[in-house]
Amino acid sequence: DGPTAPALGFPPLSDAEARVLGCLVEKQLTTPDSYPLTLNAVMAACNQKNNRHPVTDYDERTLARALDALREKRLVWLVGQPGRVPKYEHHLLECISVADPGQVAVLCELMVRGPQTAGELRSRAGRMHSFSSRGEVQDALDEMAARPVPLVVRLPRQPGCKECRYLHTLADMPETASGTEPSPLPPPEPTRAELQAEAVRLAQLEQDCRQLRDDVAALRRDLDALREQLGTP
């Protein structure tokens, strides 16, 4: 199979999905010998204490769901040989038509560390691409922002800050992208998000069970009426 989604031709990514994709891109660039990644390696990469913001504590179930969702969006593929631990590789860059190394590094850094200024990006993304100047980073940002479907947007400048920060557009756009940015809220804990999802599934199952009971009761009534018409016990 091959990538078929056009630029941003997929639903917005969740926070976990964006972190997974960013980590896959990062590890492909920085540790190619260990890429593609197993689920355990994806979890270790997502929950790193360095080069990540916010620092997360995703468990296997949360990341397995994120990987499944990314596979449905044609952004991640499962690779490997029979009998071996399955591994995951991304196809994000083909799907959004990004090939410039500087743009790849900048976009990846935004995905794993959130909104940043051009100066911060030059320093932090240097492990993936060596930028000759801050202007080169700015050029990469401007080119991605000027695309017909922008990959990054500039956020309003925060009080007391000299530079504006940039945000990638692959995930749901927060309200702060179009207005005054409030103080950031702490991210929801992965465990809480998982429990909420479990509650939704349980409620749906209970509703399905009630519907099945109603259907069975209706069938029994119909059967009893038919037996009465036929005069059978």
Side-chain angles (χ1 to χ4, degrees), residues 1-114 124-129 151 168-172 187-198 200-201:
D1 52 359
T4 58
L8 300 192
F10 46 84
L13 306 177
S14 68
D15 290 343
E17 292 165 17
R19 175 62 64 89
V20 167
L21 269 181
C23 289
L24 287 172
V25 174
E26 178 195 60
K27 297 308 179 184
Q28 181 186 31
L29 295 175
T30 59
T31 56
D33 290 343
S34 61
Y35 178 85
L37 305 183
T38 64
L39 176 57
N40 284 338
V42 169
M43 183 167 64
C46 288
N47 295 333
Q48 281 183 203
K49 298 298 187 288
N50 61 314
N51 299 320
R52 300 288 183 268
H53 183 79
V55 174
T56 58
D57 189 24
Y58 291 128
D59 58 20
E60 284 191 1
R61 293 177 65 184
T62 299
L63 294 178
R65 292 190 185 112
L67 286 162
D68 286 344
L70 290 169
R71 291 176 65 194
E72 291 178 1
K73 295 173 183 176
R74 306 286 290 170
L75 297 173
V76 165
W77 296 344
L78 186 64
V79 298
Q81 299 179 359
R84 295 189 178 183
V85 177
K87 296 184 177 182
Y88 299 88
E89 65 179 18
H90 76 88
H91 289 267
L92 171 66
L93 305 179
E94 296 91 334
C95 290
I96 61 176
S97 301
V98 173
D100 179 79
Q103 294 183 23
V104 172
V106 166
L107 187 61
C108 175
E109 187 63 31
L110 291 175
M111 294 176 72
V112 299
R113 202 160 182 162
R124 295 168 177 171
R127 67 189 189 281
M128 292 176 282
H129 176 73
L151 294 176
H168 75 81
T169 64
L170 303 182
D172 284 318
E189 303 92 341
T191 301
R192 182 177 298 278
E194 183 177 342
L195 289 174
Q196 291 172 344
E198 293 286 356
V200 171
R201 285 193 293 274

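Just the heavy atoms: all of them, side chains too, but no hydrogens, waters or symmetry mates, feed the values below. Here the structure is a predicted model, which means the values were calculated and not measured.
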- Query: Of Leu21, Val25, Ile96, which meets side chain to side chain contact (heavy atoms under 4.5 Å, CB included) against Leu107?
  - Reply: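 When side chain to side chain contact (heavy atoms under 4.5 Å, CB included) is applied between Leu107 and each of Leu21, Val25, Ile96, only Ile96 qualifies.
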
- Item | Pair Tyr88-Val79, side-chain contact (heavy atoms from CB on, under 4.5 Å): steps then yes or no | CA-CA 6 Å; Tyr88 299 88; Val79 298; over 6 Å; no

- Task: Any chance you could measure Lys49, atom NZ, to Thr56, atom OG1, to the nearest 0.5 Å?
- Result: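 OG1 of Thr56 is found 8.0 Å from NZ of Lys49.
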
- Item | Nearest-0.5 Å distance, CG of residue Leu13 to CG of residue Leu70 |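 Rounded to the nearest 0.5 Å, the CG-CG separation comes out at 6.5 Å.
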
- Task: Can you tell me which residue pairs pass the salt bridge (charged side-chain N to carboxylate O under 4.0 Å, His left out) test with a partner in residues 80-90, sequence neighbours excluded?
- Result: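 For residues 80-90, and leaving out neighbouring residues, there are no salt bridge (charged side-chain N to carboxylate O under 4.0 Å, His left out) pairs at all.
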
- Query: Can you list the residues that meet the salt bridge (Lys or Arg N to Asp or Glu O under 4.0 Å) rule with Arg113, with sequence neighbours excluded?
  - Reply: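 For Arg113, no residue satisfies salt bridge (Lys or Arg N to Asp or Glu O under 4.0 Å) once neighbours in sequence are set aside.
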
- Task: Would you please name every residue forming a salt bridge (Lys or Arg N to Asp or Glu O under 4.0 Å) with Glu17, sequence neighbours left out?
- Result: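 Glu17 satisfies salt bridge (Lys or Arg N to Asp or Glu O under 4.0 Å) with Lys73 once adjacent residues are dropped.
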
- From CA spacing to verdict: side-chain contact (heavy atoms from CB on, under 4.5 Å), Met128, Thr30: CA-CA 6 Å; Met128 292 176 282; Thr30 59; 3.8 Å; yes

Do you know the tightest heavy-atom contact between [X] and [Y]?
{"X": "Leu39", "Y": "Ala64", "result": "CD1-N, 4.2 Å"}
{"X": "Cys108", "Y": "Gly22", "result": "SG-O, 3.2 Å"}
{"X": "Ala171", "Y": "Pro12", "result": "C-CB, 3.9 Å"}
{"X": "Ala125", "Y": "Ala105", "result": "CB-O, 3.9 Å"}

- Message: So does Cys46 get a backbone contact from the side chain of Arg19, meaning a donor-acceptor N/O pair under 3.5 Å?
- Response: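 Side chain of Arg19 to backbone of Cys46: a pair is present.
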
- Would Arg52 and Glu26 pass as an ion pair if we require N to O under 4.0 Å?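 Counted as a salt bridge, because a side-chain N and a carboxylate O are separated by less than 4.0 Å.
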
Can you tell if the side chain of [X] reaches within under 4.5 Å of the side chain of [Y], non-hydrogen atoms only?
{"X": "Val106", "Y": "Met111", "value": "no"}
{"X": "Leu170", "Y": "Leu92", "value": "yes"}
{"X": "His91", "Y": "Arg74", "value": "no"}
{"X": "Asp15", "Y": "Tyr58", "value": "yes"}
{"X": "His53", "Y": "Arg124", "value": "no"}
{"X": "Val55", "Y": "Asn47", "value": "no"}

- Query: Partners of His129 by ring-ring contact (aromatic ring centres under 6.0 Å, His included), sequence neighbours excluded?
  - Reply: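 His129 satisfies ring-ring contact (aromatic ring centres under 6.0 Å, His included) with Phe131 only.
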
- Mind checking side-chain contact (heavy atoms from CB on, under 4.5 Å) for Leu37 and listing every partner two or more places apart, or none if nothing turns up?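 Applying side-chain contact (heavy atoms from CB on, under 4.5 Å) to Leu37 gives Leu24, Lys27, Tyr35, Ala41, Val42.
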
- Item | Contacts of type side-chain contact (heavy atoms from CB on, under 4.5 Å), residue Asp100, not counting sequence neighbours |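 With neighbours one apart ignored, the set is Gln103.
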
- Verdict with reasoning, His90 to Val20, per side-chain contact (heavy atoms from CB on, under 4.5 Å): CA-CA 9 Å; His90 76 88; Val20 167; over 6 Å; no

